[in-house]
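Just below is one structure, and these are the notes that go with it.
Per chain, numbering begins at 1; letters A, B, ... match sequence-line order.
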Amino acid sequence: MSKKTKYTLLSLIIVFAVYGYEHFLKVEEQAEVVGDGKEVKNNTNEYFLPTSTTGQIVHHEGYSLSYSEPHEQAEWVAYELKKSDLSNSNFKRPYFEIDAAVKTGAANWRNYKNSGYDRGHLCPAADRKYSQAAHDETFLTSNITPQEHAFNSGIWNTLEQKVRYWANKYDGVFVVTGGVLSGNMKTIGDESVAVPNQFYKVLIDINSGKVKMIAFLMPHENVSKPLYEFVVSVDSIEKLTGIDFFSQLEDTLENKLEASSSYKEWSFK
DNA sequence: CTGTGAGAC
DNA sequence: GTCTCACAG
């Protein structure tokens, strides 16, 4: 074998070694990280993810979230509720699970045990009924916040049902929701999970003609008022939370829509 | 729909 | 921990 042939073979070996590393070992790495909450999944519209004030955004198959470690809950949960997501299937409620994708450690469900508060879903289980997996995923503790039962099963539940009504009527909506994590809050459990004094929900519809938004801010109590009494501007939620919503929109449009607290484009049937 | 809790294994 | 059943807003 000539010297030149040896060098050629050696070169080929190196090239294939590098190629093999890049294209096989790394592919294996990628396969392993699926499900670790780092990738935007099918049912999350990345385009409308809000900003994170905490630096810890986690993606699941059916929703994304920004986790606030000091409050042991998400500052927001965001997901697209497609018309086709709506389903009548009746899945059995699974057990709540600690979200392993939250690297700082998501809250243990035991914090809620005998606390007097519900484990309240941010992304409702009923919004993810298109599959058992998507439904069960909403029972991760990163999607849970302490809520009074009267509030959760009352006005908040009414609002969640209205969102599903709109998702059907307007061919899907994009939803961002969470508790307002500021001010003096009660805490529950060993990990001191904060009990928000207010909850918000922000919606955008881009599928039924003119782009429209609506935002709700509710005190953490089961007030018996019509839903539209809780409508506020998106700007006011941003001011309260420090979160920037829908920044992907063209500025002029964003500014106009977020300043408005009008709900005339939304049907409250 | 939204949930909690007790009791058996 | 898992599973079923009863119960409540």
May I ask you to check if A/Lys212 and A/Tyr170 form a cation-pi contact, with NZ or CZ under 6.0 angstrom from the six-membered ring centre and within 45° of the axis? yes

Could you state the atom-to-atom distance from [atom1] of [X] to [atom2] of [N] in whole Å?
X        : N     : atom1 : atom2 : result
A/Asn152 : B/dT2 : CG    : C1'   : 5 Å
A/Glu221 : C/dG9 : CD    : P     : 19 Å
A/His149 : B/dT4 : NE2   : P     : 8 Å
A/Ile144 : B/dT4 : CD1   : C1'   : 14 Å
A/Gln161 : B/dT2 : CD    : C1'   : 9 Å
A/Arg128 : B/dC1 : CZ    : P     : 15 Å
A/Asn108 : C/dG1 : CG    : P     : 9 Å
A/Asp136 : C/dT2 : CG    : P     : 12 Å

Just checking A/His121 against A/Phe139, ring centres under 6.0 Å apart? yes

Answer with base, sugar-phosphate or nothing: what part of the nucleic acid does [X] contact at a heavy-atom distance below 4.0 Å?
X        : answer
A/Asn222 : nothing
A/Lys113 : nothing
A/Asn157 : base
A/Asn88  : nothing
A/Ala150 : nothing

Should A/Arg93 be listed as having a side-chain N or O under 4.0 Å from OP1 or OP2 of B/dG3? yes

Establish, with yes or no, whether the OP1 or OP2 oxygen of B/dC1 is under 4.0 angstrom from a side-chain nitrogen or oxygen of A/His121. no

Per [X] side chain, nearest of listed nucleotides [options]:
X        : options             : answer
A/Asn90  : B/dT4, B/dT2, B/dC1 : B/dC1
A/Arg110 : B/dT4, C/dA8, C/dG1 : C/dG1
A/Ser153 : C/dG9, B/dC1, B/dG3 : C/dG9
A/Arg164 : C/dG9, B/dC1, B/dT4 : B/dC1

5' precedence on DNA chain C between A/Trp109 and A/Lys92 (nearest-nucleotide basis): A/Trp109

Give a yes or no answer on whether the side chain of A/His220 reaches the backbone of A/Glu148 with a donor-acceptor pair at less than 3.5 Å. yes

Is the number of heavy atoms from other residues, nucleotides or ligands within 6.0 Å of CD (A/Glu69) greater than 12? yes

When you check the gap from the basic side-chain N to the acidic O, do A/Asp127 and A/Arg164 get nearer than 4.0 Å? yes

